[in-house]
Structures are given as C-alpha cells and as structure tokens.
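Report on the following structure.
Order of the sequence lines sets the chain letters (A, B, ...), proteins ahead of strands, with each chain counted from 1.
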There are 2 protein chains.
Amino acid sequence: MSNISCSDTQKHAVNVAKVQDGMLSERNFLFMAELFKALGDYTRVRILYALSIHELCVCALAEVLDMSQSAISHQLRLLRAAKLVRYRKEGKNVFYALDDDHVRSLVTQGLDHILEDG
Amino acid sequence: MSNISCSDTQKHAVNVAKVQDGMLSERNFLFMAELFKALGDYTRVRILYALSIHELCVCALAEVLDMSQSAISHQLRLLRAAKLVRYRKEGKNVFYALDDDHVRSLVTQGLDHILEDG
DNA sequence: ACCTCATATGAGTAGTTGTTCATGTGTAAT
DNA sequence: ATTACACATGAACAACTACTCATATGAGGT
C-alpha cells in the first residue's frame, strides 16, 4: 500500500490515470472473480463440460466423474450459487443442466484457449 | 466412489454413456481448471482488466489497485504461468500486457455474464 | 565501487477450499 | 407407516492460497 509511483515520467501518470478511470466497481470485479472461481476447479469444470453434452441427474454425474454423490452435490451447490447451472426435479431425481448458452460459450472459450498454445 | 447408478432406466444409462464418450482427457480438464483459477481471484481479475485498458509497469499496477508491489508481483507470476500476460523490460521497469486478444475476450465475456443476470 | 530504484521471490501465516463422513429431507413404493 | 432411494447439508480436516515481511537480483545513475 501507499506505493508512490515509480519514475515520474509523464507516460506513467497518464497511463495510471487512464486505467483508473476505466476500472469497474469493486462489486463487479468481485462478481467476475466469483464467476471464474466457480469455473476454476477440476471437478466443477468437468461437471460443466459433462452438462454441456447432456443434462444429467446427480447420480449420473457421480458415475461419470467417478466421485461420491456427496462431493458432487457440494460442488453443484457452488455452481448453482454462481448461476452456472439450473435444475429441475423429476420424481426422486434432480436433473442439472447448464444455465444458458452463455455458460456453454465460456467453457468452450476456455477450451479453445488451452488448445491453442502448447 | 463406486456409486452404482440410481434408477436403472434406459435414459440414465444412455445419457451416461453418451456423456462419458464425449468427455475430454484429464490433462485438458486440468488445464482448463488452471486457466479459470487464474482468472478467479479479485486481485488478478482487476489486474487483467486494467491491462485490457493499457499495458502497465508493476508499480503502476500497484498504484492503480492500491496494493503492495510484492503482492502484485506474486500475482503476476501466476498470470505469467497461466500465459495470460506477457511482459517486456524497459530499463528498470517491466511492462505487462494481456498475452493476446483471446484473454481480452475471456475477461469481456465474464463481464457480460455478470452484467446480464441480476 | 556505491547507492537507489523497480521488480522478483522465499518463508511464514491467516484464511479459504474440496473432500469425507454422518445425518437430514423429501419422494415413491410396498 | 415404513422402508428404500436420490439428493442436500453441516462438521471436520487436510490441502491450498494470497497476503506480508524480509531479502535477493539487476539495471542506472553518481
């Protein structure tokens, strides 16, 4: 904190001012961080990719990922909180799906990124 | 683990098989998780957004975000590892920028997502 | 050579996270 | 009603993370 700027060139001051002016609210950055944090886990990204292929009930997800139902359920709670998935109940089952195509394109774009550079 | 499928309806088995067949390698999912994890932090997402406006040296970033140079430097190391930023040295300074437009569009799309729904 | 400045990094630590285990909730069938 | 099943959730614990502090590196200026 209280870091005085480095070499006081004009460019430095101008760029800092320009960027500070363009920054978003703390609230927006917190939401963005929460969104990407929800995507940034091995288990959750697999869940989302699986759901991008087809909607699945919780036990099917557990089977596909070879994990306990409890672990999946905990992660689904986070994905629900981040509004990345929606669910519908059908009898004893709960079927999860991606919340919208926006989510699908985020996953796809992440995949593109990692496939591009070695 | 070792979760036998739930109600053995045909749909269940078919969907599980379909999804299992479409899943990616562990390696790819790990990379995707790493990518989103790098984006999924309040400080790092602010750094990336700042750099999407203009390239900045480390001390300028520290000033814009009102954080210590050390904290910024540690986070830049992670962003470098995730290939989200590149840097160029100029005298005593090191200027950071987004690695490519791919990164910019990831950030933009994250922003779109959080701005869409309340 | 020396000092200063900009940046990088290792160690330490408080806070966070992902899983397991045990248990709770609600639905359907007998 | 009771039992079984699908799912959710609280507690606990190990693993990880993001910061601070101290120190190292390396380039410029004197």
Separation of [X] atom [atom1] from [N] atom [atom2], in whole Å?
| X | N | atom1 | atom2 | result |
| --- | --- | --- | --- | --- |
| A:Lys37 | D:dC16 | NZ | C1' | 13 Å |
| B:Asn93 | C:dT4 | CG | P | 19 Å |
| B:Leu65 | D:dA18 | CG | C1' | 14 Å |
| B:Met67 | D:dA18 | CE | C1' | 8 Å |
| B:Leu61 | D:dC19 | CG | C1' | 17 Å |
| B:Lys92 | C:dT4 | NZ | C1' | 7 Å |
| A:Phe95 | D:dA6 | CZ | P | 11 Å |
| B:Lys89 | C:dA8 | NZ | P | 8 Å |

- Message: Please report whether the ring centroid of B:Tyr49 lies less than 6.0 Å from that of A:Phe29.
- Response: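 When the ring centroids of A:Phe29 and B:Tyr49 are compared, they turn out to be within the sub-6.0 Å range.
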Is there a chain of hydrophobic side chains (I, L, V, M, F, W, Y, each step under 4.5 Å between heavy atoms) that links [X] to [Y]?
| X | Y | result |
| --- | --- | --- |
| B:Val103 | B:Ile53 | yes |
| A:Ile72 | A:Leu78 | no |
| B:Val14 | A:Leu65 | no |

- Task: Give a yes or no on whether the backbone of A:Ala38 and the side-chain of A:Arg44 come within a donor-acceptor separation of less than 3.5 Å.
- Result: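 Yes, the answer is positive, given that a donor and an acceptor are paired below the 3.5 Å cut-off.
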[X] side chain: which of [options] is closest?
| X | options | result |
| --- | --- | --- |
| B:Arg77 | C:dT7, C:dT19, C:dT9 | C:dT9 |
| B:Ala71 | D:dT9, D:dC19, C:dA8 | D:dC19 |
| A:Arg44 | C:dG18, C:dT9, C:dA28 | C:dG18 |

- Looking at A:Lys18 and A:Asp21, does any basic side-chain N land under 4.0 Å from a carboxylate oxygen?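 Looking at A:Lys18 and A:Asp21, the cut-off is not met.
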- Message: Base of C:dT19, side chain of A:Ser70 - is there a donor-acceptor contact under 3.5 Å?
- Response: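 Looking at the base of C:dT19, it does not pair with any donor or acceptor on the side chain of A:Ser70 (distance under 3.5 Å).
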- Item | base_contact_polar (D:dA8 base, A:Gln69 side chain, donor-acceptor, <3.5 Å) |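 Side chain to base: pair present.
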Distance below 4.0 Å between [X] side-chain N/O and [N] OP1 or OP2:
| X | N | result |
| --- | --- | --- |
| A:Tyr87 | D:dA8 | no |
| B:Ser68 | D:dT20 | yes |
| B:Tyr42 | D:dC19 | no |

- When rounded to the nearest 0.5 angstrom, what is the spacing between CZ in B:Arg46 and CG in B:Leu51?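 B:Arg46 CZ to B:Leu51 CG: 12.5 Å, rounded to 0.5 Å.
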- Task: Please indicate yes or no: is the ring centre of A:His74 less than 5.5 Å from the centre of the six-membered base ring of C:dT19, with the two planes inclined by under 30 degrees?
- Result: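 Base of C:dT19: not stacked against A:His74.
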- Message: Is a donor from one side chain sitting under 3.5 angstrom from an acceptor on the other, for A:Arg88 and A:Tyr96?
- Response: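 No - no donor-acceptor pair under 3.5 Å links their side chains.
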- Contacting residues from residues 47-58 of chain A, given that a heavy atom lies under 4.0 angstrom of DNA chain C: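 Under 4.0 Å from DNA chain C: no residue of residues 47-58 of chain A.
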- Message: Return whichever of A:Leu78 or B:Arg80 has its heavy-atom-nearest nucleotide of DNA chain C closer to the 5' end.
- Response: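 Upstream on the strand: B:Arg80.
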